[in-house]
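Remarks on the structure that follows.
We name chains A, B, ... by the order of the sequence lines, and we start the count at 1 in each one. Basis for what follows: all heavy atoms, side chains included, without hydrogens, waters or symmetry-related copies.
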2 protein chains.
Amino acid sequence: MGATAGDASGLTSTVVFRLGTLGTVVTDRFTREIEGLGLKPKHVGLMAALGRAAVASQQELAARMGVAPSLMVSLADHLEDLGAVQRVRDPRDRRRQVLTLTEEGQRLLDRCTSMARTLDEELMAGLTEKQRKALAEALHVMAKRAGLP
Amino acid sequence: MGATAGDASGLTSTVVFRLGTLGTVVTDRFTREIEGLGLKPKHVGLMAALGRAAVASQQELAARMGVAPSLMVSLADHLEDLGAVQRVRDPRDRRRQVLTLTEEGQRLLDRCTSMARTLDEELMAGLTEKQRKALAEALHVMAKRAGLP
DNA sequence: TATTGTTATACTCTATAACTATA
DNA sequence: TATAGTTATAGAGTATAACAATA
């Protein structure tokens with residue numbers, strides 16, 4: 001025994017490593033799943049943000065999602081093309097574009113949510129009900145502390 | 001109550017969403033942390049893979065990490081420049097480049113592991129010891145099922 | 001002819017900077 | 001002059017395809 005150089009279980013067993021690698025795998029999987037809807041993860045993230053806030057300017061949404069305003073433009077463009085969001089100029093400040101989720105957008109978001117739930121099931125197949133609850137709670141606490149929804 | 005359209009807590013509370021977003025945040029944080037060592041996450045992943053396997057050809061490592069062989073070349077190039085890995089031609093099959101972790105590589109890997117542990121602490125600051133154990137176990141089970149180390 | 005590693009090229013994602021219109 | 005949104009441009013990261021050496 002002793003400090004065998006070459007044992008990297010140290011790194012790979014950290015939460016940082018596991019969250020990073022699992023996050024990538026899961027996101028890739030989700031990306032393939034929503035591809036048929038003409039969506040990428042960021043589009044879904046934007047719809048989810050709109051689902052919570054109901055109404056917000058592009059700048060506010062960009063700040064909330066931590067992306068550049070220029071990226072918000074192309075995300076909104078694409079969702080508008082799909083009929084998932086509406087752009088309305090704020091009459092009080094005509095510089096602001098206010099985004100709202102349409103009924104079609106809500107339907108798309110619902111389908112994505114359903115797909116995510118199916119993936120959740122697959123992902124947690126090896127866990128007991130108790131373990132799933134504990135996992136969900138731990139992720140929730142960490143997400144809030146990190147300023148995530 | 002009722003089915004209020006616009007409530008997206010459905011999506012954002014899935015494990016898929018939480019793993020994806022937390023994975024990104026945590027990886028970005030780790031990336032900044034190791035920047036001073038001249039490393040990117042993939043370099044660390046390669047060193048960790050070498051730490052476990054001790055010796056492997058570039059093709060084997062590329063397959064294990066799920067990256068293109070061409071990317072393995074540049075990762076190995078960079079680590080070789082840092083003195084973290086050695087390339088040795090397999091005498092039995094001179095096409096194969098066998099990679100091994102040097103002592104310097106082990107030192108670098110150890111420092112990265114230490115940084116990851118510190119981040120783990122920060123990340124799980126809001127969790128009880130019991131919750132941390134439960135989280136680690138759940139992540140471990142899911143990682144194995146996903147074919148991750 | 002098939003395989004390993006390498007190099008050349010192209011594609012995706014996203015940020016920064018320049019620009020337009022409103023304020 | 002400052003800000004919201006847009007457009008143009010550039011950089012990072014990585015894959016695919018073409019190539020060289022070896023089997």
Tell me, please, which residues at least two apart from B:V55 pass side chain to side chain contact (heavy atoms under 4.5 Å, CB included).
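Scan of B:V55 (side chain to side chain contact (heavy atoms under 4.5 Å, CB included), adjacent residues dropped) gives B:V98, B:T100.
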Regarding A:S57, tell me which of base, sugar-phosphate or nothing describes its non-hydrogen contacts under 4.0 Å with the strands shown.
sugar-phosphate
Would you indicate what B:Q59 reaches in the nucleic acid, counting non-hydrogen atoms under 4.0 angstrom: base, sugar-phosphate, or nothing?
base
Counting side-chain heavy atoms from CB outward, which of [options] is closest to [X]?
X: B:Q97; options: D:dA8, D:dA15, C:dT6; answer: C:dT6
X: A:R94; options: D:dT7, C:dA23, C:dG5; answer: C:dA23
X: A:R95; options: D:dT3, C:dA2, C:dA15; answer: D:dT3
X: A:K40; options: D:dT22, D:dT14, C:dC13; answer: C:dC13
X: A:Q58; options: C:dT3, D:dG5, D:dT3; answer: D:dG5
X: B:R96; options: D:dT16, C:dT14, C:dT4; answer: C:dT4

How about B:V44 and A:F17: do any of their side-chain heavy atoms sit closer than 4.5 Å?
no
With a 4.5 Å limit on heavy-atom distance, are the side chains of A:R18 and B:M142 in contact?
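SC-SC contact between A:R18 and B:M142 ruled out.
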Whole Å only: how far is the CE atom of A:M72 from the P atom of C:dT16?
15 Å
In whole angstroms, how far is the C1' atom of D:dT14 from the NE2 atom of B:H78?
16 Å
Listed in order of residue number, which residues of residues 84-93 of chain B have a non-hydrogen atom at under 4.0 Å from DNA chain D?
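Within residues 84-93 of chain B, the residues near DNA chain D are B:D93.
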B:R107 and B:E104: salt bridge (charged side-chain N to carboxylate O under 4.0 Å, His left out), yes or no, with the steps?
CA-CA 5 Å; B:R107 271 194 294 274; B:E104 170 63 11; 3.1 Å; yes
Answer yes or no: is there a donor N or O on one side and an acceptor on the other, between the side chain of B:H43 and the main chain of B:K40, under 3.5 Å?
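Answer holds: yes.
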